[in-house]
Colleague: 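Take this structure first; my questions come after.
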Amino acid sequence: MRQNSGDQSDTKEEAGVGIFSSWKPIYFLVVLYSILLILALQWLTIALDFSSR
Amino acid sequence: MRIVDWVVFGVYFTGVVGLALYQSRKNVGMEGYFLANRSLPWGVVGLSVMATQASAITFIGTTGQAFDGGMEFIQVYLPQPLVMVVLCVLFVPFFYKAKIFTAYEFLEKRFDLKTRTATSLIFLVQRGLGAGIVLYAPAVVLSVIMGWDERATILIMGAITIVYATVGGITAVIWTDVIQMLVMFLGIGVAIATLFNTLPASVGMEEVVYLGGIQNMWSSIDWSWDPTKDYTIWSGMIGGFFLALAYFGTDQSQVQRYLTAKSLKDSRFSLLFNAFLKVPMQFAILSIGVLLFVFYHFERPPLLFNAAEVAVAENSEFSEDFNMLQVEQGNIHLQRREATLALLDTRREGGDVTSLRNDIRDYGSQLSEIRMEASSIVENVRGASSNDVNYIFPSYLVKYVPAGILGLMIAVIFAAAMSSLDSELTALSSATVIDFYQRHIRPDASEKHLLGVSKLATLFWGLFGCAVALYAGQLGSLLEAVNKVGSFFYGSLLGVFLLAFLVKIANGNGAFWGLLAGMGSVFIVAQTTDISWLYYNVVGSLTVLMVGTLVSYLYPAVGAKRADVL
């Protein structure tokens, strides 16, 4: 019985997370955030290179 | 330190110990002592995960690294958000559903006893010695900078941590981590504000960014494919990815944190919280190093920041050479200071700054060369490598920050060290009791008996860490060797867990022989190639996956369990 109730709560957690329908959009946001971080740091690397300006 | 610094420092200590003792009342039974009855909310767990990773060396070492080499170290942290997603998808659900106390316990459920015992033993050796380094590194820096007795610093830091970790268990540890992480956040903000405040009045944010920029200090991304370079986008995204996955996914000091969350959802949120905050926090810490670099254009830096090394050189047969370097460094600093002020004036007036900019870069190169020559003198005298990087930020704190702020910053260094040490102690204790004592020695022991043994184990590992720290000065090269050997294990441990999650036919034989092959392959690669150490974890993990799969295929085990049916 205990095992069943644990499984049910896990299934419930997979079903919805706050305003999101599942975890997938949240993970997608994190991946997007990662890409944005790299782009932002690349921009900083170029924009703040004053070695010839 | 002035009285107000001691007051600030005292408030920190009283707060930490008071909170720990208050929280320790909730500590009932083994699940309470090691997993806080799986009851904590994600924000608390998330801050504890972050505090555990941030050691004192994070503050005093990485700021020094940025002072010397700019922001490029940030690349190692860039894959962490992606690592958190992989943990949420792959690791956390398995750990959470298996209702385990230690990460290695999962490996017996999935594979066999020998795999669990081998991986847990590797963790105990590595982390046990690591606990000593966590205490020793800040103590030695504080003893040189503040003039405190090194042994007394180790014992005070160690004793307070041992008391609250032993009495309060994981609940006390995690709640004190929260306070300690908040102190660290406050410290980072105050350090940046103080640095701006100690710059000349005419130098603001724009000038700081510009002066750093003419010497490429803000350069954060390096697209070089050279595998021997430590910090490139590829070593960061590939090597750093495997390193972070190994640390957060297989190291009991981190796994234990997210097992304390009240639900699977809270476990995942605690990691995603880190996914968003870790890189900005590390960026802020590294920025302190670049700010220091700019600051020392206006104030004369010491030839070497480590006063103990200066004393060694000054009292050696090379004292004359060292003194000449000091004079030369002073002259070049003055010329750079004048050129810097002239550059800022010319820039404000819209004039041509090309030659001044080139002069400043040349002076910077000359100052770096002089510092390297001074380090070489120290190395010649001592017969060991010079360590100046860890002293750059503390040396600034002691000399330039106002009353009260120094107390706060010393509290930050203590908080960083203690929040890592306390997590290591509870993790070491849990692996000792659950994976060895209960599993091999007293499987039928009562809950009360195990709880008593757990407290003794926490105390033992705390004392062991203190003993290692007290003798670390004499152990020198041995500790360095342990650190290097540690990087041989990490990737291989990750490989065993990946084998458990991803390869359905994998069995205990495959995991065990894969683990040995992984460690061997990293050893061979380290001895025969010059590739960056960040790639060792990739080599170890992939070798375990390949050898483990092959051995499992050739020697299938009867009754092997798949991870998804545990």
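Order of the sequence lines fixes the chain letters, A, B, ..., with proteins taken first and strands second; residue numbering starts at 1 for each chain.
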Colleague: Measure distances from B/Leu272 to the heavy atoms of chain A and classify the residue's part below 4.5 Å as side chain, backbone, both or neither.
Modeller: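 Contact with chain A: side chain only.
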Colleague: Which atoms of B/Phe283 come close to chain A, meaning under 4.5 Å heavy atom to heavy atom: side chain ones, backbone ones, both, or neither?
Modeller: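 Only the side chain of B/Phe283 comes within 4.5 Å of chain A.
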Colleague: Indicate yes or no: at least one non-hydrogen side-chain atom of B/Leu78 is less than 4.5 angstrom from one of A/Leu37.
Modeller: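 A side-chain contact exists here, since the closest heavy-atom pair is under 4.5 Å.
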Colleague: Which bit of B/Arg361 is near chain A, if near means a heavy-atom gap under 4.5 Å: side chain, backbone, both or neither?
Modeller: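 Interface part for B/Arg361: side chain.
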Colleague: May I ask you to establish whether B/Arg347 and B/Tyr210 are in a cation-pi arrangement, using a distance under 6.0 Å from NZ or CZ to the six-membered ring centre and at most 45° from the ring axis?
Modeller: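 Yes, a cation-pi geometry holds between B/Arg347 and B/Tyr210.
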Colleague: Report yes or no: do B/Ser355 and B/Asn358 form a side-chain donor-acceptor pair below 3.5 Å?
Modeller: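 The answer is no; no qualifying pair exists.
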Colleague: Are B/Phe501 and B/Phe106 an aromatic pair, judged by ring center distance below 6.0 Å?
Modeller: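 Ring-ring flag for B/Phe106/B/Phe501: true, centres closer than 6.0 Å.
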Colleague: Where on A/Tyr27 is there a heavy atom nearer than 4.5 Å to chain B: the side chain, the backbone, both, or neither?
Modeller: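 Its backbone and side chain both get close to chain B.
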Colleague: With a 4.5 angstrom heavy-atom cut-off, is it the side chain or the backbone of B/Met237 that approaches chain A, or both, or neither?
Modeller: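 Side chain only.
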Colleague: Does NZ or CZ of B/Arg268 lie under 6.0 Å from the centre of the six-membered ring of A/Trp23, at an angle within 45° of the ring axis?
Modeller: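 Positive - B/Arg268 is close enough to the ring of A/Trp23 and near enough to its axis.
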Colleague: What part of B/Val209 gets within 4.5 angstrom of chain A, counting heavy atoms only: side chain, backbone, both, or neither?
Modeller: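 Looking at B/Val209, backbone and side chain both touch chain A.
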Colleague: Does any heavy atom of chain B fall under 4.5 Å from the side chain of A/Ile46, the backbone, both, or neither of them?
Modeller: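 Contact with chain B involves no heavy atom of A/Ile46 at all.
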Colleague: Between the side chains of B/Gln254 and B/Tyr247, is a donor N or O closer than 3.5 angstrom to an acceptor N or O?
Modeller: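 Indeed, the side chains of B/Gln254 and B/Tyr247 share at least one donor-acceptor pair under 3.5 Å.
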